[in-house]
Chemist: 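First, the structure itself, so that you have it in front of you.
Not measured: the values here are computed from a predicted model.
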Amino acid sequence: MDSYLNENFLEALKVNHSPDEVLQKWRKFCGVVKNPKRRFRFTANLSKRDEAAAMRKSNQEKLRIAVLVQQAAYQFIQD
């Protein structure tokens with residue numbers, strides 16, 4: 001069991017910010033556990049991580065549009 005964990009999940013145990021694929025693999029491996037809320041308390045919530053990335057991308061796009069509008073207004077005033 002230890003050798004299987006070392007071969008397949010060693011990078012998840014060493015790295016603080018593991019890739020999503022490794023975390024999904026780890027959760028699938030530990031699918032049937034006694035108390036999953038306690039067991040995965042310190043493991044990243046993958047669905048919320050995706051939602052946060054989408055919101056961050058949306059906010060960046062809104063900021064980019066606002067800057068473009070501001071630049072256009074400034075150019076209009078200067079002419």
Side-chain angles (χ1 to χ4, degrees):
M1 184 69 158
D2 288 337
S3 63
Y4 179 77
L5 289 174
N6 286 335
E7 290 172 9
N8 294 311
F9 301 108
L10 190 60
E11 64 268 8
L13 299 175
K14 286 184 178 178
V15 179
N16 209 10
H17 300 286
S18 301
D20 291 345
E21 297 84 25
V22 175
L23 292 174
Q24 287 174 347
K25 191 175 177 183
W26 174 254
R27 286 209 174 171
K28 186 185 285 186
F29 178 73
C30 298
V32 181
V33 293
K34 190 172 183 180
N35 190 348
K37 286 187 179 183
R38 187 178 68 196
R39 176 77 56 179
F40 297 116
R41 173 176 38 203
F42 298 113
T43 305
N45 190 341
L46 300 177
S47 61
K48 292 216 180 203
R49 185 183 279 185
D50 292 338
E51 290 174 12
M55 185 168 292
R56 201 168 25 254
K57 185 177 180 181
S58 172
N59 288 342
Q60 287 175 348
E61 183 66 23
K62 289 176 186 176
L63 182 62
R64 186 183 72 82
I65 290 171
V67 168
L68 289 175
V69 168
Q70 182 182 16
Q71 288 175 348
Y74 182 73
Q75 285 180 353
F76 181 75
I77 293 171
Q78 293 299 318
D79 292 338

Chemist: Q60: what forms a side chain to side chain contact (heavy atoms under 4.5 Å, CB included) with it, not counting sequence neighbours?
Modeler: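 With neighbours one apart ignored, the set is R56.
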Chemist: Drop me the distance from K62's NZ to M55's CE, to the nearest 0.5 angstrom.
Modeler: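 Output value for this atom pair is 8.0 Å.
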Chemist: Rounded to the nearest 0.5 Å, how far apart are CD of Q78 and CD of Q75?
Modeler: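 Answer rounded to 0.5 Å: 9.0 Å.
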Chemist: How does the hydrophobic cluster around V69 look, that is, which other residues are in it when side-chain heavy atoms under 4.5 Å mark a link?
Modeler: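 For the cluster that includes V69, the remaining residues are I65.
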Chemist: Output all residues satisfying salt bridge (Lys or Arg N to Asp or Glu O under 4.0 Å) with R64, sequence neighbours left out; order by chain, then residue number.
Modeler: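 Salt bridge (Lys or Arg N to Asp or Glu O under 4.0 Å) list for R64, sorted by chain: E61.
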